[in-house]
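Just so you know, these numbers come straight off a predicted model, no measurement behind them. Below, chains carry the letters A, B, ... as their sequence lines are ordered, and counting in each starts from 1.
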Amino acid sequence: MSIDEQKALLEEISPELLVYEKKVEEKKLPPLPNAIKGRVVTRLPPEPSGYMHIGHAMSGILNYVYAKMYDGKVWLRFEDTDPRKIKLEYYESFRRGYRWLGIEWDYEKNNSEDIDLFYDYAEKIIEMGRAYVCFCDPERIKSLRKIGVECEHRSHSVDENMKYWKMMLNGEFKEGEAILRLVGNMKDKNTTMRDPAIFRIVEHEHPLTGKGYHVWPLYDFAASIEDSICGVTHILRTSEFILRDELQNYIRNLLGMSNPTYVEYSRFEFKGTPVSKRKLRAIIEAGLAERWDDPRFPTIEGLRRRGILPEAIREFTLTQTGFSYARREYDWSLLYSVNKKLLDPVARRFFFAPYPVKLEVEGLEAGELNIPYHPSNKSLGMRKIDYTDEFYISGIDAGNMRIGQTIRLKYLVNVKILQISSDKIRGKHVSGGPAQNIPIIQWVPAHRFIGIKILVPDVLYIDEEKINQESLKIIEGYSEENVNEVKVDEIVQFERFGFCRCDSATERVFIKTHD
RNA sequence: GCUCCGGUAGUAUAGUCCGGUCAAGUAUGGCGGCCUCUCGAGCCGCAGACCCGGGUUCAAAUCCCGGCCGGAGCACCA
């Protein structure tokens with residue numbers, strides 16, 4: 001029975017089976033708990049103490065997409081209350097990164113703008129008798145906290161605490177001599193509730209506020225208040241903060257502020273590519289990389305240089321991710337495949353011969369060839385290649401050849417292999433077109449080609465701690481001259497080699513994105 | 001060590017709250033075929049999983065207990 005006959009029969013007996021429904025079912029984000037259309041406010045809370053990386057990106061996308069889904073607003077708020085850690089350049093790294101990802105924020109501020117406000121709230125809490133100045137050294141605090149015992153400073157009166165607090169502000173104590181602690185519960189199972197420090201003295205210049213302040217709020221205090229005054233309704237963040245929810249809610253409750261809804265998930269990690277500054281720095285210190293925008297790094301700049309599209313990161317986050325608490329480690333192939341689907345329809349194709357080997361074809365007359373830049377996307381136009389009877393082909397292809405075999409130079413001619421020597425292959429022009437049993441290979445005219453260099457990135461770590469000493473390979477070869485037109489940032493496909501982003505047009509350096 | 005939280009194919013996930021429609025869905029990767037002047041893309045197909053052990057129940061991936069394994073937190077960082 002032919003296909004058509006089968007179809008006709010099926011039509012008669014069970015037509016519904018012919019209604020071929022492809023489950024498009026675009027995976028959508030699950031609904032946000034407690035979300036009201038038009039009222040959702042989320043936030044991007046980077047600490048400007050390092051370069052933005054893919055984890056920040058994915059979290060940022062989640063916060064942004066949810067806000068948009070509910071016609072809400074987004075804050076970009078720098079958590080810059082540790083003067084010692086932060087640097088000016090990092091603020092811009094995040095702004096640039098978010099912009100690159102297509103994340104638009106409605107408001108922007110820095111926690112460091114609100115230090116006076118934090119002082120006001122601190123005084124309120126002191127007046128309530130819910131905070132005290134503690135003079136214990138860090139060791140003592142730690143050990144008392146461990147056994148759940150209060151120190152003598154906790155029983156100071158409100159007046160005494162206010163006096164000490166003013167002394168802190170006036171610079172009468174040095175760094176490390178006094179901190180302001182919240183009255184929590186020293187026996188709470190949640191150790192973050194055991195009288196956490198909320199202010200400490202930092203004798204270090206802040207890149208934005210200079211030397212204006214030396215008493216700085218700690219994270220929980222600053223963040224909980226900021227989230228409230230920014231009107232943040234939903235906090236989507238990684239789960240290492242989960243124990244702090246209770247503390248932050250507690251602080252807001254003391255101040256009569258309302259609490260947001262938390263959605264937490266485990267960190268986004270990629271196999272062999274740690275995000276931690278420590279491990280990345282180890283790579284640099286081992287001399288294997290020079291800069292933080294290295295294409296092997298998970299920094300936003302690194303990913304961009306490698307040729308990962310922002311849309312791919314976004315797609316990936318939305319479709320391959322969930323809100324699991326389980327530890328997860330994504331395989332890069334998951335992201336690559338999303339990236340490839342975006343790149344494939346629009347990337348121009350070029351011929352490239354790695355490890356080039358010369359091929360002479362007897363009986364072939366010189367000529368010129370016009371071929372498309374893309375097999376199906378006509379809008380990418382055509383290119384021209386002049387050729388003679390001498391070519392360069394990939395050394396890998398050359399290695400696979402056998403005497404007597406017929407191969408095809410793509411779009412050009414068939415060649416019967418006559419002789420193979422270490423530096424050269426000879427063949428003769430034979431008639432015929434592409435056929436199923438004839439390998440098709442890419443080629444470059446021997447009189448007109450350009451030398452290019454391709455950096456091929458691999459994972460940085462083989463196991464958790466073992467550095468991959470060969471995480472970057474350099475492949476050199478010849479490409480067709482048309483590659484001269486390729487500008488920096490364009491991502492092309494070198495046929496049967498892979499997608500590569502042009503990293504330097506003048507030096508003709510490319511970075512391999514993926515196959 | 002203490003306190004939380006997890007464990008669905010190689011990987012990432014859906015399903016778990018409210019047991020049955022889950023002899024477990026999807027994506028990616030693997031394999032095979034079709035198509036194609038790329039070993040790419042596309043199309044079709046195949047293989048592949050509920051951590052282990054008990055219990056509750058007519059019925060458990062889903063509930064309970066124990067074990068094992070993994071992660072996070074235990075800062076005058078965020």
Is any side-chain nitrogen or oxygen of [X] closer than 4.0 Å to OP1 or OP2 of [N]?
{"X": "A/Lys142", "N": "B/C76", "answer": "no"}
{"X": "A/Arg145", "N": "B/C76", "answer": "yes"}
{"X": "A/Lys341", "N": "B/U28", "answer": "yes"}

Counting only side-chain heavy atoms from C-beta out, which of [options] sits nearest to [X]?
{"X": "A/Pro375", "options": "B/C76, B/A27, B/G40", "result": "B/G40"}
{"X": "A/Ala326", "options": "B/G6, B/A78, B/G40", "result": "B/G6"}
{"X": "A/Ile440", "options": "B/C74, B/A27, B/C37", "result": "B/C37"}
{"X": "A/Lys85", "options": "B/A12, B/U38, B/A78", "result": "B/A78"}

Report the distance from atom CZ of A/Arg348 to atom C1' of B/U38, rounded to the nearest whole Å. 17 Å
Rounded to whole angstrom, note down the P distance from B/G25 over to B/C2. 41 Å
Please list residues of residues 457-465 of chain A whose heavy atoms come under 4.0 Å from any atom in RNA chain B, ordered by number; otherwise none. none
Would you call A/Arg349 and A/Glu495 a salt bridge, using N to O less than 4.0 angstrom? no
Which part of the nucleic acid, if any, lies within reach of A/Asp245 when heavy atoms closer than 4.0 Å are counted: base, sugar-phosphate only, or nothing? nothing
Report which part of the nucleic acid A/Phe241 touches: base, sugar-phosphate, or nothing (heavy-atom distance under 4.0 Å, all strands). base
